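This structure is a prediction, so every number in the text was calculated from the model and none was measured. Below, read A as the first sequence line, B as the second, and so on, with proteins coming before strands; counting in each chain starts at 1.
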Amino acid sequence: MYIYDSVKKTKLLFEPIHANKASIYVCGPTVYDDAHLGHARSSLAFDLLSRTLKAHGFQVTLAKNFTDIDDKIIKKVEATGQSMQEITSFYIERYTQEMSALGIQRADIEPKATESLEAIEAMIQNLIDKDIAYVISTGDVYFDTSKDNAYGNISHRVADDEDSQSRVEHTSEKRNPKDFALWKTCKGEDDICFDTAFSRGRPGWHIECSAMIEKHFSGDEHYSIDIHGGGADLLFPHHENEAAQSRCATGHELSKYWMHNGFVQIDGEKMSKSLGNSFFLKDALALYDGEVLRYYLNSVHYRNDFNFSEEELQLSKKRLDKLYRLKKRVSPGKASIPNKNFKKSLLDAMGDDLNISISLSLIDELIASTNDALDANPKDKGLKKETLANITFIDELLGFGGKEPFSYFQIGVDEALKKQIETLISERTKAKQNKNFERSDAIRDELGALGISIMDSAEGTLWEKA
RNA sequence: GGAGCCAUCGCCAAGUUGGUAAGGCCGUAGAUUGCAAAUCUGCUAUUCACCAGUUCGAGUCUGGUUGGCUCCUCCA
């Protein structure tokens, strides 16, 4: 299993801290608004990673956090009058549902900042005790970047004189321009505040992840976890700062490998809330099936930027349809075991830094060759069972193809329409038997007007929703 | 201004250690079909933004040019 390490900038053999185990921590969302396609892509990328590692025999522990303490959440509290709890639990719930619609397996650990305050305080106190962090007159706590001689190793950003931590409010009390806040003091009564030894306030963004990782993973004397993941935009400053805090607090590196996913773009520009070009997942899921969206968003290698277009999404659907048509051909039945060569090829492809393109082409080839064999010998039971097993394996590894194939083609068709379709088809069959082709073609047109396409097969007339 | 990523057929998109360009969509010819659809088969980049270099040999390495994107502010 090879993965690309975005800090070392090279593909590396995955050699975990503990044999046959893989600990992964992915930066999750700040829960103050709906998730967009970018969040989906990140989740999807690491879902694929987790599935692939499992398929390669690793025992995976995946953690994905929810940042539920943040300035933006506080702003929303002020704007809506709802409590922080109400807001965060609402968006956590929605996020979870949407990710589940995309076939994303839930993380084994889903830590929240609000549930990790003790760990956060302990880590900050640890850094203060070592004089790596310092408290200023307001009660804010800063991380002294000059105390960490490895600072910059993650993002490879050369030290500069500019204040690169502007997320932190400017203060003359900072020791170095690059120092960043670990803890922010409450400003008003309404702020979300927690008591600590150093001041009443709330944690900074970066420290949350570091503390949660220490809380949930033990690692070894060199690293806390195997893989740390997130969007490419988190490399700096977020991951740089996380790494620095953890390094100074624990005496070892935070993560053995770092992986970053590329962006979803709209018209060639990064999708982001500040640009106002977000395509929210809830809207996308209202228009498209979650499985199709999954296939589409995963069809480009996770490290590349992904330019979203609806036409391309339709093409993905066509490709997925072919898999389900084959599944229809071999259903119903009992799965045997997957074809050895196919399984190995697919594992090899995914084991090469999640080469999804090769994987999808292997599946297309499997579909073509199986259809071909089935054309020659439609009653090949052994092949049918093996094909079913192959598709089950695809579903396990890549997360699509798991639906019942007939219902897949009937998404959005209600019982009444279904009945109507079946009536029309049986009428058409009779017309065809009587060689009344004018009538049968008219019925086909009628079905087409309903958005239904039909195909005559040896097993009778099958239909699909377009 | 500083740092980095990317540029492959009409469209999407693979291509680690340099060795002579996967796959999908579209198009097209055929098999099959009452006709379609579905399915299968054949064809479809002497060429990888451009220029120069290293090499027996480069999409793959080096330097430069052009174009696009990202980070340096919240961001997946």
Side-chain angles (χ1 to χ4, degrees), chain A residues 2 4 6 9-13 26-30 32-33 35-46 64 70-72 152 155-158 160-168 205 229-238 240 260-265 268-275 278 296 299-301 303-307 309 311-316 318-319 321-322 325-326 328-329 349 352-353 355-365 367-376 432 435-438 440-441 444-445 448 453-458 461-464:
Chain A
Y2 286 83
Y4 182 87
S6 40
K9 293 179 190 279
T10 181
K11 219 183 265 187
L12 297 169
L13 178 66
V26 183
C27 288
T30 301
Y32 72 103
D33 203 354
H36 59 222
L37 259 24
H39 295 102
R41 177 139 139 102
S42 183
S43 269
L44 244 11
F46 291 100
K64 184 160 69 176
D70 183 88
D71 289 359
K72 292 187 291 292
S155 60
H156 306 295
R157 228 162 266 270
V158 197
D160 51 39
D161 304 330
E162 285 170 72
D163 184 347
S164 56
Q165 304 288 353
S166 302
R167 180 168 187 171
V168 177
W205 178 35
D233 49 353
L234 297 182
L235 193 54
F236 188 86
H238 186 52
E240 186 72 64
H260 291 91
N261 64 276
F263 299 125
V264 175
Q265 305 188 324
E269 269 191 324
K270 176 184 171 182
M271 179 186 297
S272 76
K273 283 169 190 165
S274 49
L275 286 172
S278 295
Y296 177 52
S299 67
V300 175
H301 187 82
R303 267 190 284 129
N304 289 153
D305 284 340
F306 184 104
N307 202 287
S309 91
E311 297 92 286
E312 289 299 321
L313 190 147
Q314 293 303 333
L315 298 187
S316 278
K318 279 192 176 178
R319 224 170 156 180
D321 285 351
K322 289 175 94 166
R325 281 196 197 104
L326 175 63
K328 217 153 61 161
R329 265 189 107 169
D352 182 17
D353 193 38
N355 193 326
I356 191 69
S357 268
I358 297 289
S359 302
L360 295 182
S361 74
L362 287 168
I363 292 170
D364 286 329
E365 279 163 22
I367 293 169
S369 64
T370 309
N371 271 321
D372 198 22
L374 250 23
D375 283 349
K432 266 179 43 164
K435 302 243 188 287
N436 184 354
F437 295 123
E438 204 174 312
S440 71
D441 289 350
R444 185 162 63 200
D445 291 343
S453 53
I454 56 172
M455 40 223 68
D456 294 327
S457 76
T461 301
L462 302 174
W463 61 271
E464 294 178 2

Asker: For the side chain of A/T30, starting at C-beta, report the closest nucleotide among B/rA76, B/rU39, B/rA14.
Answerer: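 Closest of the options to the side chain of A/T30: B/rA76.
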Asker: Any side-chain heavy-atom pair from A/L326 and A/L374 closer than 4.5 angstrom?
Answerer: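 Counting from C-beta outward, A/L326 and A/L374 do come under 4.5 Å.
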Asker: What nucleotide among B/rC25, B/rC72, B/rA14 has an atom nearest to a side-chain atom of A/S357?
Answerer: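 Given the options B/rC25, B/rC72, B/rA14, the side chain of A/S357 is closest to B/rA14.
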Asker: Which of these nucleotides, B/rC40, B/rC72, B/rA13, is closest to any side-chain atom of A/I367?
Answerer: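 For A/I367, the side-chain atoms sit closest to B/rC40.
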Asker: Is any side-chain heavy atom of A/K270 less than 4.5 Å from a side-chain heavy atom of A/D233?
Answerer: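 Yes, their side chains come closer than 4.5 Å.
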Asker: Of the nucleotides B/rG24, B/rU39, B/rA22, which one has an atom closest to the side chain of A/S361?
Answerer: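 Shortest atom-to-atom distance from the side chain points to B/rA22.
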Asker: Take nucleotides 30-36 of chain B nucleotide by nucleotide from the 5' end and write B, S or -, depending on whether a protein heavy atom sits under 4.0 Å from the base, only from the sugar-phosphate, or from neither.
Answerer: ----BBB
Asker: When the C1' atoms of B/rU20 and B/rC48 are considered, how many whole Å apart are they?
Answerer: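 About 13 Å, rounded to a whole number of Å.
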Asker: When rounded to the nearest Å, what value does the distance between P atoms of B/rC11 and B/rC26 take?
Answerer: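 One P to the other, the span is 16 Å.
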Asker: Does A/N371 place a side-chain N or O at less than 4.0 Å from the phosphate oxygens OP1/OP2 of B/rC40?
Answerer: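 It does, given that an N or O in the side chain of A/N371 lies less than 4.0 Å from OP1 or OP2 of B/rC40.
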Asker: As a test of reading the structure: which of B/rG4, B/rA13, B/rA76 is closest to the side chain of A/K9, going by heavy atoms?
Answerer: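 Shortest atom-to-atom distance from the side chain points to B/rG4.
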Asker: Of the nucleotides B/rU70, B/rG23, B/rC72, which one has an atom closest to the side chain of A/D364?
Answerer: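 Between B/rU70, B/rG23, B/rC72, the one nearest the side chain of A/D364 would be B/rG23.
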Asker: Between A/D364 and A/K322, does any side-chain N to carboxylate O distance fall below 4.0 Å?
Answerer: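 Salt bridge: no.
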Asker: Look at all strands and tell whether A/N261 reaches a base, only sugar-phosphate, or nothing, counting heavy atoms closer than 4.0 Å.
Answerer: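 Since a base atom lies under 4.0 Å of A/N261, the category is base.
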Asker: Within the structure shown, what part of the strands sits under 4.0 Å from A/Y2 by heavy-atom distance: base, sugar-phosphate, or nothing?
Answerer: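 The residue A/Y2 makes no contact with any strand.
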Asker: Contact class for A/A368 vs. all strands (heavy atom < 4.0 Å): base, sugar-phosphate, or nothing?
Answerer: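 It contacts sugar-phosphate atoms only.
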Asker: For A/K328, is there an ion pair with A/D321 - N to carboxylate O distance below 4.0 angstrom?
Answerer: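 No salt bridge links A/D321 with A/K328.
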Asker: Quantified in whole Å, what is the C1' atom distance between nucleotide B/rA52 and nucleotide B/rU66?
Answerer: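 Between the two C1' atoms, the distance is 15 Å.
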Asker: Could you check if a side-chain atom of A/K64 sits within less than 4.5 angstrom of a side-chain atom of A/S43, using non-hydrogen atoms only?
Answerer: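 The answer is yes; the side chains approach within 4.5 Å.
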Asker: Which of the following nucleotides, B/rU39, B/rC69, B/rG4, is nearest to the side chain of A/Q265?
Answerer: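 When the side chain of A/Q265 is considered, B/rC69 is the closest of B/rU39, B/rC69, B/rG4.
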Asker: Tell me which nucleotide, if any, is Watson-Crick or G-U wobble paired with B/rA31 when both distances must be under 3.5 Å.
Answerer: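 Matched B/rA31 with B/rU39 under the 3.5 Å cut-off.
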Asker: Between A/K64 and B/rA76, does any side-chain N or O lie under 4.0 Å from OP1 or OP2?
Answerer: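 Checking B/rA76 against A/K64, no side-chain N or O comes under 4.0 Å of OP1 or OP2.
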Asker: Can you give me the N/O atom pairs linking the protein to nucleotides 16-21 of chain B at distances under 3.5 Å, or say none if there are none?
Answerer:
none

Asker: With a 4.5 Å limit on heavy-atom distance, are the side chains of A/R329 and A/D375 in contact?
Answerer: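 A side-chain contact exists here, since the closest heavy-atom pair is under 4.5 Å.
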Asker: Taking only the P atom of each, what is the distance from B/rC69 to B/rC25 in whole angstrom?
Answerer: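 Approximately 31 Å lies between the P atom of B/rC69 and that of B/rC25.
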Asker: Suppose you measure atom P in B/rG18 against the same atom in B/rG57; what distance do you get, rounded to whole Å?
Answerer: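 It comes out at 15 Å once rounded to the nearest Å.
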Asker: For B/rC75, give its Watson-Crick or G-U wobble partner with both distances under 3.5 Å, or none.
Answerer: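 Pairing partner, where one exists within any strand: none, as none qualifies.
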Asker: Which nucleotide in the set B/rU70, B/rG24, B/rA22 lies at the smallest distance from any side-chain heavy atom of A/I358?
Answerer: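 Nearest nucleotide to the side chain: B/rA22.
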Asker: Determine the Euclidean distance between corresponding P atoms of B/rG19 and B/rA37; express it in Å to zero decimal places.
Answerer: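 Per the computed distance, 42 Å lies between those P atoms.
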Asker: Quick check on B/rC75: is either OP1 or OP2 less than 4.0 Å from any side-chain nitrogen or oxygen of A/W205?
Answerer: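 Indeed, a polar side-chain atom of A/W205 lies that close.
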Asker: Should A/E312 and A/Y296 count as side-chain neighbours, where that means a heavy-atom distance under 4.5 Å?
Answerer: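 Touching, per the 4.5 Å side-chain cut-off.
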Asker: What's A/G38 touching, base or sugar-phosphate or nothing? Going by heavy atoms closer than 4.0 Å.
Answerer: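 It contacts base atoms.
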Asker: For B/rU17 and B/rC75, measure between their P atoms and round to the nearest Å.
Answerer: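 Those two atoms are separated by 36 Å.
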Asker: Looking only at atom P, what distance separates B/rG59 and B/rA7, rounded to whole Å?
Answerer: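 One P to the other, the span is 14 Å.
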Asker: Any side-chain N or O of A/K318 below 4.0 angstrom from OP1/OP2 of B/rC26?
Answerer: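 Yes, because at least one side-chain N or O of A/K318 sits under 4.0 Å from OP1 or OP2 of B/rC26.
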Asker: Hey, does the side chain of A/R325 come within less than 4.0 Å of B/rU39's phosphate (OP1/OP2), counting only N and O?
Answerer: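 The answer is yes; a side-chain N or O of A/R325 sits under 4.0 Å from OP1 or OP2.
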Asker: Is it true that A/D33 and A/K72 make a salt bridge, defined as a side-chain N closer than 4.0 Å to a carboxylate O?
Answerer: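 No, this pair does not count.
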Asker: What does B/rG53 pair with, Watson-Crick or G-U, if both distances are under 3.5 Å?
Answerer: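 Base-paired to B/rC61.
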